[in-house]
Amino acid sequence: MASVTNNNNNNGKFEKLASIDAQLRQLVPAKVSEDDKLVEYDALLLDRFLDILQDLHGEDLKETVQECYELSAEYEGKNNPKKLEELGNVLTSLDPGDSIVVAKAFSHMLNLANLAEEVQIAHRRRIKLKKGDFVDENNATTESDLEETLKRLVVDLKKSPQEVFDALKNQTVDLVFTAHPTQSVRRSLLQKHGRIRNCLAQLYAKDITPDDKQELDEALGREIQAAFRTDEIRRTPPTPQDEMRAGMSYFHETVWKGVPKFLRRVDTALKNIGINERVPYNAPLIQFSSWMGGDRDGNPRVTPEVTRIMMAANLYYSQIEDLMFEVLSSSIEHLSMWRCSDELRVRADELHRSLRRDAKHYIEFWKQIPPSEPYRVILGDVRDKLYQTRERSRQLLSHGMSEIPEEATFTNVEQFLEPLELCYRSLCSCGDRPIADGSLLDFLRQVSTFGLSLVRLDIRQESDRHTDVLDAITKHLEIGSYREWSEEQKQEWLLSELSGKRPLFGSDLPKTEEIADVLDTFNVLAELPADNFGAYIISMATAPSDVLAVELLQRECHVKQPLRVVPLFEKLADLEAAPAALALLFSVDWYRNRINGKQEVMIGYSDSGKDAGRLSAAWQLYKAQEELIKVAKQFGMKLTMFHGRGGTVGRGGGPSHLAILSQPPETIHGSLRVTVQAIVGEEHLCFRTLQRFTAATLEHGMHPPVSPKPEWRALMDEMAIVATEEYRSIVFKEPRFVEYFRLATPELEYGRMNIGSRPSKRKPSGGIESLRAIPWIFAWTQTRFHLPVWLGFGAAFKHAIEKDIKNLQMLQEMYNEWPFFRVTIDLVEMVFAKGDPGIAALYDKLLVSPELWSFGERLRTNYEETKCLLLQIAAHKDLLEGDPYLKQRLRLRDSYITTLNVCQAYTLKLIRDPNYNVKFRPHICKPADELVKLNPTSDYAPGLEDTLILTMKGIAAGMQNTG
């Protein structure tokens, strides 16, 4: 299959895969370097899986899988469309049960290939670090860790270690977990994948014994079989509560423990550049926020009650208090020493006496702690108060009242930290700093990072929903229609009300269900502790009145500590107008006094890309940030940019460190807020994510990227106009486009994956403009055509070069010298490397009506022209020639993905045209009857829906994104 040999000749279990002919052997990617073990890892995993497949489903089905792979490999080698047709004949001849197994097998093999890649990446990184090599930062696929960044700043950029330390301990990275469904793999399967990855890595450890190897090999086989036997398909859509539980589970299982581990790595990296001081436990290096349960934009399922439930989950309700108690209990047992500071001794004695006087709280635990162990006395009281805090919160959220007095609890994180800090100071003063810097320091860092609420919940709502509420209020007051007022009228009225004290409305305000929902959300904010919430984000914000409206509603609903209000600018026109809107907002005296010199602005990557195409959106986002920073400086404000990046290139995704390093100078300045996907919670990904964001934020601040030359700006402005025009002329103005899009992609079937709680459209009756960015990108990713990413680039480049041939040289100069432009081009080049217009042509042939074939051919011609121009600008002869490791990885996956693409295209044909190719479909047999029982609600013929969903998931795994 993808590999033929394993180099571990010392063990008979690492043998050749089933033989394939010489032509196919040539298609196996060659080793890129001496430390390249990817082909070897892939061979072992596939060898084990094929044996399992044969044991479970027989020799015939295993041979069918191998035949499909070989046909796909032959297509990849020669791009012969006849091989796709042959592959289609094989796949459509299967009975429904076997069709599902084959789709599942290829999806599983892609997951195994991804795991092999992860182990290989980790292996290469260890080798490079042992050699002391720096990772190449010149393309869009490498990543840097913190230690490399610190060394580069000191050695190459001549920064002093103290400068680096000062900058690092004062910077803040706030990672905001979203509920957006960019990860289609079920959590139970992810856990099994983690165990497979760990087994594979341990099998290749240098000091492994033969017995260990045999046991690990058996465990590997078990985990591969368990993963294959796990149902990948979600049978019902997740609710927002399901998404919250999944997101919180990542915190409980990995992030909670990952933070102190990461901060210890930071300490080690600092020590290696000569800093013998630890990062202070209360340094705001990493913070966490969440949209899960608070993101209302277009999701009617996120109600005020869901927010209430989310806060209940956050307040150490679930597993987190057990983790805290575990740490506290171990600390109590560990710190069973008598030597302490006078300060701590006095506190412990007072506490012990007061508890003895109060028999109600003098439980057995306290009787067992002698006064001679003062640390255990202090920490025992902390554990009691933590328990009381949890119980009081539970009672308030459930019943609106609690029998536990507030003074018996922690009401803010400072109260929680104070006794822990006392223990830490005491240990240090008594010469026991090594003990203080153990589990107690880890716990201090955890409490400082997570506070009392684990993550702060952001609220997001669309600006029109606030307008609806205020319009209802002004009409009820008989002063007119707020919605119909000019911006000046709105501001004047809002400011007059904000400056006054009268209540605007009472219980007699007429409310629609939507208006009640908005007001109930504000009421939840008023009821719960302010420490639980982060920002209030206004999507589709366009003017100062959008911000002032939220300020007024917070006051009217008695939110004691109002949330900071963050306008979100998304579409191209909104981004262009954002600096002027912010200047008007800062001109309002009331608002300047309210924000105390700090403002946050969110910029949206997904909707801007869908609105104007990737090139124009990326450039406008860049310019908007520059102008917003200028406005903030003009008014003496500190501006934090909140980057609403999606998981894919089409939605602003890509390697996070390069995304940060390519931002305009001075736009990060030690403070970064960015959306991330919940998959960051896997242990290895969590650690890498924290490293990437921290390292890149530090480097951007200490070594800002170059600003573009005036002539580069002028050319980008000109190209952006051309790119936007071409993109919109096809996506929004071409009358055939919507019909073509829905026929040529699985967009209509997207919802059957059940990967998210949000509807795929903001408005069910809308067209492309109302389609959410995720299904928009997802549909094109499945067919490997990626239209939203590249459309517009070709026309822009062609215009520039045809206007003046010297522009080609300027574009090449921009690529070599300007990080923003290089990253933009590299990411699109990576997407082209994943693409295949031949596969897209197969979807057209099977699914698109003949009168639209010419339109599809026109788009594929555009694709090829754009790719050629892109290579010309990058001065590359072939895609990814500068990144052989990524090129190898993509080539390894191609044949698996091709089989799934062909299976998906023919399955869609059978779904949409049940009479198609009947000769290949046998009568409904017993396996199909069993499949009806498994999926009784399907509208399709037995087996088709499961086969389709498995191909979607498999392709998403192969492309490494869903949207």
Go through Ser439 and Asp442 one step at a time and tell me if the side-chain hydrogen bond (donor to acceptor under 3.5 Å, both in side chains) criterion holds.
CA-CA 5 Å; Ser439 60; Asp442 287 345; over 6 Å; no
- Task: Please determine which of Thr947, Val101, Val102 meets the side-chain contact (heavy atoms from CB on, under 4.5 Å) test together with Leu94.
- Result: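 Checked Thr947, Val101, Val102 against Leu94; only one passes side-chain contact (heavy atoms from CB on, under 4.5 Å): Val102.
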Check your understanding: Which residue, Arg264, Lys169, Arg433, forms the side-chain contact (heavy atoms from CB on, under 4.5 Å) with Arg278?
Key ->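 Among Arg264, Lys169, Arg433, the one meeting side-chain contact (heavy atoms from CB on, under 4.5 Å) with Arg278 is Arg264.
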Task: Tyr885 six-ring face occupied by Arg124 cation (under 6.0 Å, within 45°) - done: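 The answer is yes; both the distance and angle limits are met.
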Give a yes/no verdict on a cation-pi contact between Lys37 and Tyr204, requiring under 6.0 Å between NZ or CZ and the six-membered ring centre and an angle within 45° of the axis.
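Not satisfied by the 6.0 Å and 45° rule.
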Between Thr898 and Glu76, a side-chain donor and acceptor under 3.5 Å:
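Side chains of Thr898 and Glu76: pair found under 3.5 Å.
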Taking NZ, NE, NH1 and NH2 as the nitrogens, is one of them in [X] or [Y] under 4.0 Å from a carboxylate oxygen of the other?
{"X": "Glu147", "Y": "Lys151", "value": "yes"}
{"X": "Asp946", "Y": "Lys104", "value": "no"}
{"X": "Arg893", "Y": "Asp42", "value": "no"}
{"X": "Arg889", "Y": "Glu117", "value": "yes"}
{"X": "Asp267", "Y": "Arg445", "value": "yes"}

Could you state the interatomic distance from OG1 (Thr694) to CG (Leu175), rounded to the nearest 0.5 Å?
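Answer rounded to 0.5 Å: 7.5 Å.
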Euclidean distance, Glu699 CD relative to His657 NE2, rounded to 0.5 Å: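 Reported to 0.5 Å precision, the distance equals 9.0 Å.
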Tell me, yes or no, whether the heavy-atom count around Arg195 atom CZ, taken from other residues, nucleotides or ligands under 6.0 Å, exceeds 12.
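Enclosed: over 12 neighbouring heavy atoms sit under 6.0 Å from CZ of Arg195.
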- Query: Below 4.5 Å, heavy atoms only, C-beta onward: do Val65 and Phe106 meet side chain to side chain?
  - Reply: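 Yes, close enough: below the 4.5 Å cut-off.
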Please walk me through it: do Arg48 and Asp217 pass salt bridge (Lys or Arg N to Asp or Glu O under 4.0 Å)? CA-CA 9 Å; Arg48 296 296 173 270; Asp217 193 48; 2.9 Å; yes
Inset, instruction - Check whether any side-chain N or O of Tyr375 sits under 3.5 Å from a backbone N or O of Arg339 as a donor-acceptor pair, and report yes or no. - result: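 Such a contact is found between Tyr375 side chain and Arg339 backbone.
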